[in-house]
There are 2 protein chains.
Amino acid sequence: MQQKKEIINKLRSSNLRPTKQRILIAKKLFDRKKTFHFTAETLNQAVNKKGDIKISLATIYNTVEAFKKAGHIREILTNNSKSYYDTNIKSHHHFYDSESKKLTDIDYQDVILDKIPNPPKGKKIKDLEVVISLQNK
Amino acid sequence: MQQKKEIINKLRSSNLRPTKQRILIAKKLFDRKKTFHFTAETLNQAVNKKGDIKISLATIYNTVEAFKKAGHIREILTNNSKSYYDTNIKSHHHFYDSESKKLTDIDYQDVILDKIPNPPKGKKIKDLEVVISLQNK
DNA sequence: AATTCAGTTTATAATTATTCTAAACTGTAA
DNA sequence: TTACAGTTTAGAATAATTATAAACTGAATT
Ligand SMILES: [Mn+2]
Ligand SMILES: [Mn+2]
Ligand SMILES: [Zn+2]
Ligand SMILES: [Zn+2]
């Protein structure tokens, strides 16, 4: 459980002014036990559900982009037309259930990559993602 | 090199009438040595470059969807906002260069997955994709 | 060969997700 | 306090895709 002070420090340390909007969004994102997989839409719903203050959708997008740039969240690959984000910034993989449009974490050690190819010359690997799409049995 | 007759058979066998638009698109897609990675936009350019007939963008989208449903092409995961497709329907993986927005095939045997997790109960694995994002060294 | 009609194509409108704009607001350093 | 860069916001703009509905056409039937 992250205290307000910790959240403010997190924001400050990435050169983001701790506005009331960012603090509320950060609480929703980081003040939880489990990883949170979300889209701009679901975050907007989560944040604007309970009273508190009203945060505009533009701010949701701005903040998601700022948090992503700061490395506090990461974007995940899916087949969906919406962008998906993850509060778990450690290297790990995902199941994507196209029925429910929900992501589930796969522990890093549950996928063993024994061999990965060399990147083309002049390029280096930025990220490696494994996405396992699911369908009903 | 696929003959027109082969292409017509391919279309017929998936219950797609061999219209002149579909035949032209299929030629562009399948009558080539190497795998083709494309978006609706790049396919539209390729198809409408040379004289021949003019094919509307709506037909590009319709045909891509029809070919995908028929299993003649597959969609590939990327971070790009456009959908990417692949004429290589065998299981394989990709480099994605976010600078050039280009995909490159990774041979199936160049990624060795020694362990993959069990899907959640009631679900089975539809597909497993490895995407390696590249950045300049 | 002419007829028929479901399947297909097309121009265009609609939708959806996201980004842009520019005016109002606010956190904080002086 | 004041000043001002950074931030928020409503609304407009953009971009990719999908929907609509009228015209067209491949191919089966006569
Ligand atoms: Mn995506
Ligand atoms: Mn995509
Ligand atoms: Zn995750
Ligand atoms: Zn490929």
Side-chain angles (χ1 to χ4, degrees), chain A residues 4-5 7-28 37-48 52-70 72-73 75-85 98 101, chain B residues 4-5 7-28 37-48 52-70 72-73 75-85 98 101:
Chain A
K4 185 165 178 178
K5 208 182 244 180
I7 282 174
I8 288 178
N9 287 340
K10 184 176 223 171
L11 292 172
R12 282 238 165 74
S13 72
S14 29
N15 276 304
L16 297 170
R17 277 195 193 170
T19 63
K20 55 188 189 312
Q21 291 85 348
R22 284 175 178 161
I23 292 167
L24 179 57
I25 292 172
K27 265 187 199 151
K28 281 283 172 197
H37 296 121
F38 63 97
T39 64
E41 190 190 18
T42 59
L43 177 59
N44 189 44
Q45 286 166 355
V47 147
N48 285 303
D52 286 310
I53 55 172
K54 200 262 171 188
I55 299 182
S56 78
L57 187 56
T59 298
I60 298 288
Y61 276 103
N62 290 343
T63 304
V64 165
E65 185 58 26
F67 285 8
K68 182 179 142 185
K69 276 200 177 121
H72 300 313
I73 60 176
E75 197 172 348
I76 306 169
L77 293 175
T78 72
N79 279 325
N80 203 290
S81 54
K82 300 174 188 182
S83 294
Y84 279 71
Y85 301 90
S98 43
K101 296 164 184 2
Chain B
K4 184 165 178 179
K5 207 182 244 178
I7 283 174
I8 289 178
N9 287 340
K10 183 175 224 171
L11 292 172
R12 283 241 165 72
S13 72
S14 27
N15 275 306
L16 297 169
R17 277 197 194 168
T19 62
K20 55 188 190 309
Q21 291 86 349
R22 285 174 177 162
I23 291 167
L24 180 57
I25 292 172
K27 264 188 200 152
K28 282 282 171 200
H37 296 121
F38 63 98
T39 64
E41 189 189 20
T42 59
L43 177 59
N44 189 43
Q45 286 166 355
V47 146
N48 285 303
D52 286 310
I53 55 173
K54 200 264 172 188
I55 299 182
S56 79
L57 187 56
T59 297
I60 298 289
Y61 276 102
N62 290 342
T63 304
V64 164
E65 185 59 26
F67 285 8
K68 181 179 143 185
K69 276 199 178 123
H72 300 313
I73 59 177
E75 197 171 348
I76 306 169
L77 294 175
T78 72
N79 279 326
N80 203 290
S81 55
K82 299 174 189 183
S83 294
Y84 279 71
Y85 301 89
S98 43
K101 298 167 185 359

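Heavy-atom basis, side chains included; hydrogens, waters and symmetry copies ignored. Here is the naming used below: chain letters follow the sequence lines, and residue numbers restart at 1 for every chain.
Although no hydrogens or angles enter the test, the distance criterion places a donor-acceptor pair under 3.5 Å between the side chain of A:T63 and the main chain of A:T59. For the pair B:S13 (side chain) and B:N9 (backbone), a donor-acceptor distance under 3.5 Å is present. A:N48 places a side-chain N or O within 3.5 Å of a backbone atom of A:I55 that can act as its donor or acceptor partner.
Every residue meeting the side chain to side chain contact (heavy atoms under 4.5 Å, CB included) condition with A:Y61, not counting sequence neighbours, appears here in chain and number order: A:A40, A:L57. By the side chain to side chain donor-acceptor pair (under 3.5 Å) test, B:H72 is found to be paired with B:S14, residues two or more places apart in sequence or in another chain being considered. Under the rule for a salt bridge (Lys or Arg N to Asp or Glu O under 4.0 Å), B:K20 has no partner lying at least two apart in sequence or in another chain. Applying the side chain to side chain donor-acceptor pair (under 3.5 Å) test to B:K101 and every residue at least two apart in sequence or in another chain returns nothing. Residues passing the side chain to side chain contact (heavy atoms under 4.5 Å, CB included) test with B:A26 are B:I7, B:F30, B:F67, sequence neighbours excluded. Among residues two or more places apart in sequence or in another chain, the side chain to side chain contact (heavy atoms under 4.5 Å, CB included) test is passed with B:K69 by B:E65. Every side chain to side chain donor-acceptor pair (under 3.5 Å) that B:E41 has, sequence neighbours left out, goes to B:K82. With sequence neighbours left out, A:T19 forms a side chain to side chain contact (heavy atoms under 4.5 Å, CB included) with A:R17, A:Q21, A:R22.
The terminal axes of the helix from C:dA1-D:dT30 to C:dA30-D:dT1, fitted over 5 pairs per end, subtend an angle of 20° to the nearest 10°.
Within the 4.0 Å cut-off from OP1 or OP2 of C:dT18, at least one side-chain nitrogen or oxygen of A:Y61 is found. In this structure, B:K54 reaches the C:dA11 phosphate: one of its side-chain N or O atoms is under 4.0 Å from OP1 or OP2.
Near DNA chain D, meaning a heavy atom under 4.0 Å from it, residues 39-46 of chain A has no residue at all.
Residue order along DNA chain D, read from the 5' end via each residue's closest nucleotide, puts A:I55 first among A:I55 and B:A58.
For the pair B:E75/B:Y84, no side-chain contact is recorded, criterion being any heavy-atom separation below 4.5 Å from C-beta on. Side-chain contact check for B:V64 versus B:Y85: some heavy-atom pair is nearer than 4.5 Å.
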Seminar exercise, completed: Contact string for nucleotides 25-30 of chain C, one letter per nucleotide 5' to 3', B = base within protein heavy-atom range under 4.0 Å, S = sugar-phosphate only, - = neither, reads -BBS--

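B:L57 has its CG atom 11 Å from the C1' atom of C:dA11, to the nearest Å. If you take CD1 of B:I60 and P of C:dT12, they are 17 Å apart, rounded to a whole angstrom. Atom NZ of B:K69 and atom C1' of C:dG7 are 14 Å apart (whole Å). A straight line from CZ of A:F38 to P of C:dA17 spans 16 Å, rounded to a whole angstrom.
Along DNA chain D, read 5' to 3', the first and last nucleotides having any atom under 4.0 Å from a heavy atom of chain A are D:dA5 to D:dA10.
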